[in-house]
Amino acid sequence: MATDIYTIMSEQVIIIGAGCAGYTAAIYTARANLSPLLITGSQIGGQLTTTTEVENFPGFPDGVMGPDLMFLMQQQAEKFGTRFAYEDVKSVVRDEATGLFTVKTSGQNYETRSIIVATGASARYLGIPGEEGLVGHGLTACATCDGAFYRDVPVCVVGGGDSACEEAMFLTRFASRVYLIHRRDTLRASKIMAERTLSNEKIFPMWNSTIVSYKTDDKGELEAVMLKDVVEGDETELPVKCVFMAIGHTPNTSFLGDLVDRDDAGYIIRKTGMMATRTPGLFAAGDVADPHYRQAISSSGMGCSAAIEAERYLLGL
């Protein structure tokens with residue numbers, strides 16, 4: 001008999017999000033005999049499912065494909081007893097009297113004593129038609145993850161803030177030249193970062209410019225972008241092998257309402273040195289609470305920490 005939306009399913013811990021942080025939290029809570037329920041959301045496996053080869057995750061000296069790594073993590077979590085619900089979370093509320101949370105999805109209500117939020121942060125893109133299909137084929141939002149794949153070829157970075165400058169500087173280690181594409185004629189980055197970036201002989205600023213379309217080769221890999229001068233209106237073709245987006249990320253936290261505090265960029269604020277949030281029993285791990293590193297391995301570490309904190313919370317420690 002089908003379960004209706006009003007039925008309450010009781011849990012010890014619910015993990016929301018199926019990326020590195022969520023899967024690691026699931027492995028640890030499952031091995032602690034907490035029988036975790038992991039609600040995957042629509043992007044099962046998180047951002048790594050949009051990448052190709054991952055070379056900087058420990059334990060894989062020859063690298064590993066992003067989707068394969070996520071599948072292995074899911075298998076490991078399942079092996080120890082993690083259960084999965086392939087749904088999107090609509091809202092989370094907490095009963096102040098009992099301390100219990102109600103997690104509402106599109107087809108079910110779940111009651112739980114604790115929650116680990118590992119929903120990640122979505123990179124911002126330009127919204128150009130066909131953009132989604134290029135992710136992992138010459139379009140990325142992580143220079144640290146993918147920069148080494150573009151040795152001795154031209155690439156570009158989109159953005160004008162500190163993050164864009166940091167990405168551009170990092171990419172000079174690999175690329176033959178790095179075009180920095182910015183809609184304005186000055187950078188928004190801090191003065192020292194802007195000076196350091198513009199003085200690098202491998203970085204070429206493209207002022208007052210924006211990408212209006214992408215050009216691919218016969219294998220579907222990026223080979224050029226069409227730039228538009230936002231002042232003059234002229235369009236030119238710029239040959240590049242990869243576009244690195246650095247126009248920010250949007251943490252996926254809207255379903256939490258006022259249960260958490262957020263910084264100016266929307267990232268969940270945790271207690272100093274911990275994964276706990278201001279709401280007892282609610283923990284945050286991975287990119288949703290990490291504006292600084294946003295790496296697979298750091299997300300896994302945070303997932304481990306959140307799981308241990310959740311276990312101690314449930315034990316009353």
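- In this structure, Asp229 contributes its side chain and Asp234 its backbone to no donor-acceptor pair below 3.5 Å.
- Here the closest heavy-atom approach between residue Ala121 and residue Asp287 is recorded as N-CB, 3.7 Å.
- From Met226, atom CE reaches atom OG of Ser209 across 11.5 Å, with rounding to the nearest 0.5 Å.
- In this structure the side chain of Leu259 never reaches within 4.5 angstrom of the side chain of Thr277, judged on heavy atoms.
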Exercise. Could you give me the CA-CA distance, side-chain angles and deciding distance for Thr279 and Phe101, then say whether side-chain contact (heavy atoms from CB on, under 4.5 Å) is met?
Key: CA-CA 11 Å; Thr279 298; Phe101 296 92; 3.9 Å; yes

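- No side-chain donor from either of Asp95 and Thr102 sits under 3.5 Å from a side-chain acceptor of the other.
- The backbone N or O of Ala26 lies less than 3.5 Å from a partner atom in the side chain of Thr29, making a donor-acceptor pair.
- Ile181 contributes atom CD1, which lies 3.5 Å from atom SG of Cys156 (distance to the nearest 0.5 angstrom).
- When atom types are taken as modelled, the side chain of Ser299 and the backbone of Ala285 share no donor-acceptor pair closer than 3.5 angstrom.
- Here the side chain of Thr119 pairs a donor or acceptor atom with the backbone of Asn252 at under 3.5 angstrom.
- When the shell of 6.0 Å around CD of Gln75 is examined, it contains more than 12 heavy atoms from other residues, nucleotides or ligands.
- For the pair Arg151 and Phe174, the cation-pi criterion (under 6.0 Å, within 45° of the ring axis) is not fulfilled.
- For the pair Tyr125/Glu132, no side-chain contact is recorded, criterion being any heavy-atom separation below 4.5 Å from C-beta on.
- Around atom CZ of Arg94, more than 12 heavy atoms belonging to other residues, nucleotides or ligands sit under 6.0 Å away.
- Under a hydrophobic clustering in which Ile, Leu, Val, Met, Phe, Trp and Tyr are joined whenever their side-chain heavy atoms come within less than 4.5 Å, directly or via other members, Ile269 and Met274 fall into different clusters.
- A side-chain donor-acceptor contact under 3.5 Å links Arg262 and Thr253.
- Using a 4.5 Å cut-off between side-chain heavy atoms of Ile, Leu, Val, Met, Phe, Trp and Tyr, with links allowed through other members, Val260 and Val89 fall into the same hydrophobic cluster.
- Ala289 and Ala284 make their closest contact through CB-CB, 3.9 Å (heavy atoms, listed as atom of the first residue, atom of the second, distance).
- For the atom pair Arg294 CZ and Tyr267 OH, the distance stands at 4.5 Å (nearest 0.5 Å).
- Counting heavy atoms from C-beta outward, Phe244 and Asp146 have side chains that approach closer than 4.5 Å.
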Quiz item: Would Leu187 and Leu198 satisfy side-chain contact (heavy atoms from CB on, under 4.5 Å), going step by step from the backbone distance to the final call?
Solution: CA-CA 10 Å; Leu187 295 174; Leu198 296 177; 4.1 Å; yes

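- Remark: side-chain polar atoms of Arg183 are not paired, donor with acceptor, to backbone N or O of Val230 under 3.5 angstrom.
- Ion pairing between a basic and an acidic side chain is recognised when a charged N comes within 4.0 Å of a carboxylate O; Glu309 and Lys271 show no such pairing.
- No side-chain donor-acceptor contact under 3.5 Å links Thr140 to the backbone of Gly136.
- Between Met73 and Ser300, the closest side-chain pair of non-hydrogen atoms falls below 4.5 Å.
- Ile39 and Ile27 are not part of a single hydrophobic cluster, where members link through side-chain heavy atoms under 4.5 Å apart.
- Across all non-hydrogen atoms, the minimal contact from Ala30 to Thr82 is CB-OG1, 3.6 Å.
- Looking at every heavy atom in both residues, Val155 comes nearest to Ala175 through CG2-CB, 3.7 Å.
- Here Glu235 contributes atom CD and Lys228 contributes atom NZ; the two are 6.5 Å apart, rounded to the nearest 0.5 Å.
- Under a cut-off of 6.0 angstrom, the local environment of CZ in Arg278 is crowded, with over 12 non-hydrogen atoms contributed by other residues, nucleotides or ligands.
- When side chains are defined from C-beta on, Glu87 counts as touching Tyr110, because their heavy atoms get closer than 4.5 Å.
- With hydrogens and angles ignored, the 3.5 Å screen pairs a side-chain donor or acceptor of Asp263 with a backbone N or O of Gly266.
- There is no path of hydrophobic side-chain contacts, each under 4.5 Å, that joins Leu100 to Leu37.
- When the shell of 6.0 Å around CD1 of Ile192 is examined, it contains 12 or fewer heavy atoms from other residues, nucleotides or ligands.
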Exercise. Could you please spell out the steps behind the side-chain contact (heavy atoms from CB on, under 4.5 Å) verdict for Gln295 and Asn56?
Key: CA-CA 9 Å; Gln295 297 299 300; Asn56 55 5; 3.7 Å; yes

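- When side chains are defined from C-beta on, Ile44 does not count as touching Met70, because their heavy atoms never get closer than 4.5 Å.
- In this structure, Arg83 and Ser35 have side chains that are in contact, with non-hydrogen atoms separated by less than 4.5 Å.
- With contacts defined as side-chain heavy-atom distances shorter than 4.5 Å, the pair Phe57/Leu48 does not qualify.
- Contact detail for Ala310 and Ile116: the closest heavy-atom pair is CB-CD1, 4.1 Å.
- Considering only residues two or more places apart in sequence or on other chains, Cys304 meets the disulfide (SG to SG under 2.5 Å) condition with none of them.
- Phe84 and Tyr86 have parallel rings, their planes meeting at less than 30° on a 0 to 90° scale where 60° marks the start of perpendicular.
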Quiz item: What do the steps show when you test Tyr28 against Leu34 for side-chain contact (heavy atoms from CB on, under 4.5 Å), and what is the final call?
Solution: CA-CA 9 Å; Tyr28 273 78; Leu34 294 176; over 6 Å; no

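- Pairs of residues two or more places apart, or lying in two chains, that qualify as side chain to side chain donor-acceptor pair (under 3.5 Å) and include a residue from residues 156-181 are Asp162-Ser190, Arg177-Tyr179.
- Here the side chain of Lys241 pairs no donor or acceptor atom with the backbone of Tyr150 at under 3.5 angstrom.
- In this structure, CE in Met302 is found 13.0 Å from CZ in Phe283, a value given to the nearest 0.5 Å.
- A donor-acceptor pair is defined here as one N or O able to donate and one able to accept, closer than 3.5 Å; such a pair exists between the side chain of Glu131 and the backbone of Leu126.
- A pairwise comparison of heavy atoms in Pro251 and Ala265 identifies CD-O, 3.5 Å as the closest pair.
- Separation of atoms CZ (Arg270) and CG (Asp290) is listed at 7.0 Å; rounding is to 0.5 Å.
- Under a hydrophobic clustering in which Ile, Leu, Val, Met, Phe, Trp and Tyr are joined whenever their side-chain heavy atoms come within less than 4.5 Å, directly or via other members, Ile15 and Leu72 fall into the same cluster.
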